[in-house]
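When a ligand or atom number is given, it counts from 1 through the structure's own listing order. Heavy-atom basis, side chains included; hydrogens, waters and symmetry copies ignored.
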Amino acid sequence: MKPAAAGCALLGGLCLALCLGGARGLPRSGDSEWRKLIMVHHWPATVCKEVEDDCKDPPDYWTIHGLWADRAEQCNRSWPFHLEEIKDLLQDMRIYWPDVIHSPSNRSSFWKHEWEKHGTCVAQLDALDSQRKYFGKGLDLYRGLALNSMLQKLGILPSGNYYQVSDIKDALASLYGVVPKVQCLPPEQGEGVQTLGQIELCLTKDLQLRNCTEPGEPAGSWRGAGPARPTRSLEVCEDGPVFYPPPR
Ligand SMILES: *[C@@H]1O[C@H](CO)[C@@H](O)[C@H](O)[C@H]1NC(C)=O
Ligand SMILES: *[C@@H]1O[C@H](CO)[C@@H](O)[C@H](O)[C@H]1NC(C)=O
Ligand SMILES: *[C@@H]1O[C@H](CO)[C@@H](O)[C@H](O)[C@H]1NC(C)=O
């Protein structure tokens with residue numbers, strides 16, 4: 001395992017943003033129970049499969065699901081979502097943070113959901129204490145982490161052939177210098193192979209990359225209920241083969 005600094009050096013511009021820029025991101029007030037930020041990327045083809053293909057022309061690249069806190073949800077119900085506050089971000093949001101499932105006309109309900117459920121919690125950090133900052137920082141992190149090009153560089157491409165979960169995890173860990181969390185859609189009725197669905201990279205409250213696991217903790221101990229979805233839902237991938245489905 002390379003030290004975090006090695007992974008950070010690889011990331012160039014991200015290093016500046018994460019390692020130097022985040023020093024003031026301390027909790028603003030009170031005793032916050034959550035300990036890490038989670039930058040959640042999802043693979044649209046799998047998201048569509050999760051909801052039984054109720055999707056139109058899903059993107060063929062990893063998109064943002066959200067920027068979450070690890071142990072907190074829905075932290076401030078009196079802080080409603082206002083689309084006007086992120087007007088200048090909408091062009092990028094539509095590309096990198098789209099609502100994969102619903103029709104484009106309703107994309108803002110996904111952003112509303114992410115803000116109310118997760119944004120209101122991570123907004124305890126100065127660096128994220130407005131909707132503009134929350135969505136703007138989410139986009140910055142997405143660009144800095146550059147998961148799509150990293151996976152390509154690692155030769156991990158959508159394919160009819162299966163990968164080993166450990167190969168994907170190890171490759172990402174060596175590149176980023178931290179342990180990611182990789183989630184899959186379990187095989188249907190125990191048959192077939194799990195499907196790669198979500199890749200999480202974790203950050204400290206100072207916005208520096210950190211392991212998604214705690215020292216001595218098995219991968220994926222606590223997870224929120226996730227968005228209400230009608231069918232199968234993502235779980236931490238089991239060791240073994242995994243399908244990384246090509247976009248249709
Ligand atoms: C909840 O959000 C509102 C609106 O931004 C703010 O005035 C209030 O202080 C917040 N409450 C807490 C507990 O952070
Ligand atoms: C948009 O979402 C609302 C509820 O969030 C729903 O009532 C409405 O039918 C949706 N519109 C479209 C065009 O899907
Ligand atoms: C991150 O995880 C790796 C692999 O399990 C471990 O070697 C390393 O010590 C961890 N780093 C921290 C800061 O816990």
A.B. asks: Show, in sequence, the C-alpha distance, side-chain angles and deciding distance for Glu214 and Lys36, and conclude whether the salt bridge (charged side-chain N to carboxylate O under 4.0 Å, His left out) test is met.
C.D. replies: CA-CA 10 Å; Glu214 302 292 339; Lys36 56 191 177 232; 3.1 Å; yes

A.B. asks: Given the protein's heavy atoms, is any one of them under 4.0 Å from atom 2 (O) of ligand 1?
C.D. replies: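 For atom 2 (O) of ligand 1 the answer is yes, since some protein heavy atom falls inside 4.0 Å.
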
A.B. asks: Which of the atoms of ligand 1 are close to Ser78, meaning less than 4.0 Å from one of its heavy atoms?
C.D. replies: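 Matching atoms, with element in brackets: 2 (O), 3 (C), 4 (C).
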
A.B. asks: Are side-chain N/O atoms of His65 and Gln198 paired as donor and acceptor at under 3.5 Å?
C.D. replies: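 Note: His65 and Gln198 side chains meet the donor-acceptor criterion.
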
A.B. asks: Within ligand 3, which atoms have a heavy atom of Val179 less than 4.0 Å away?
C.D. replies: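 Those atoms are 2 (O), 4 (C).
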
A.B. asks: Report, in ascending order of atom number, the atoms of ligand 3 lying under 4.0 Å from any heavy atom of Asn211.
C.D. replies: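 Under 4.0 Å from Asn211, ligand 3 has these atoms: 1 (C), 2 (O), 3 (C), 8 (C), 10 (C), 11 (N), 12 (C), 14 (O).
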
A.B. asks: Where do Phe81 and His113 land on the side-chain contact (heavy atoms from CB on, under 4.5 Å) test, with the steps shown first?
C.D. replies: CA-CA 8 Å; Phe81 176 73; His113 169 86; over 6 Å; no

A.B. asks: In the protein, what heavy atom is nearest to atom 9 (O) of ligand 1, and what distance, to one decimal place, separates them?
C.D. replies: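 Nearest neighbour among protein heavy atoms for atom 9 (O) of ligand 1, to 0.1 Å: Asn76 ND2, 4.8 Å.
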
A.B. asks: Got a sec, which residues hit ring pair (Phe, Tyr, Trp, His ring centres under 6.0 Å) with Tyr96, two or more places apart in sequence or on another chain?
C.D. replies: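 Tyr96 satisfies ring pair (Phe, Tyr, Trp, His ring centres under 6.0 Å) with Tyr142 once adjacent residues are dropped.
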
A.B. asks: For Asp57, is the CG atom crowded, meaning more than 12 foreign heavy atoms sit under 6.0 Å from it?
C.D. replies: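 No, the 6.0 Å shell around CG holds no more than 12 heavy atoms from other groups.
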
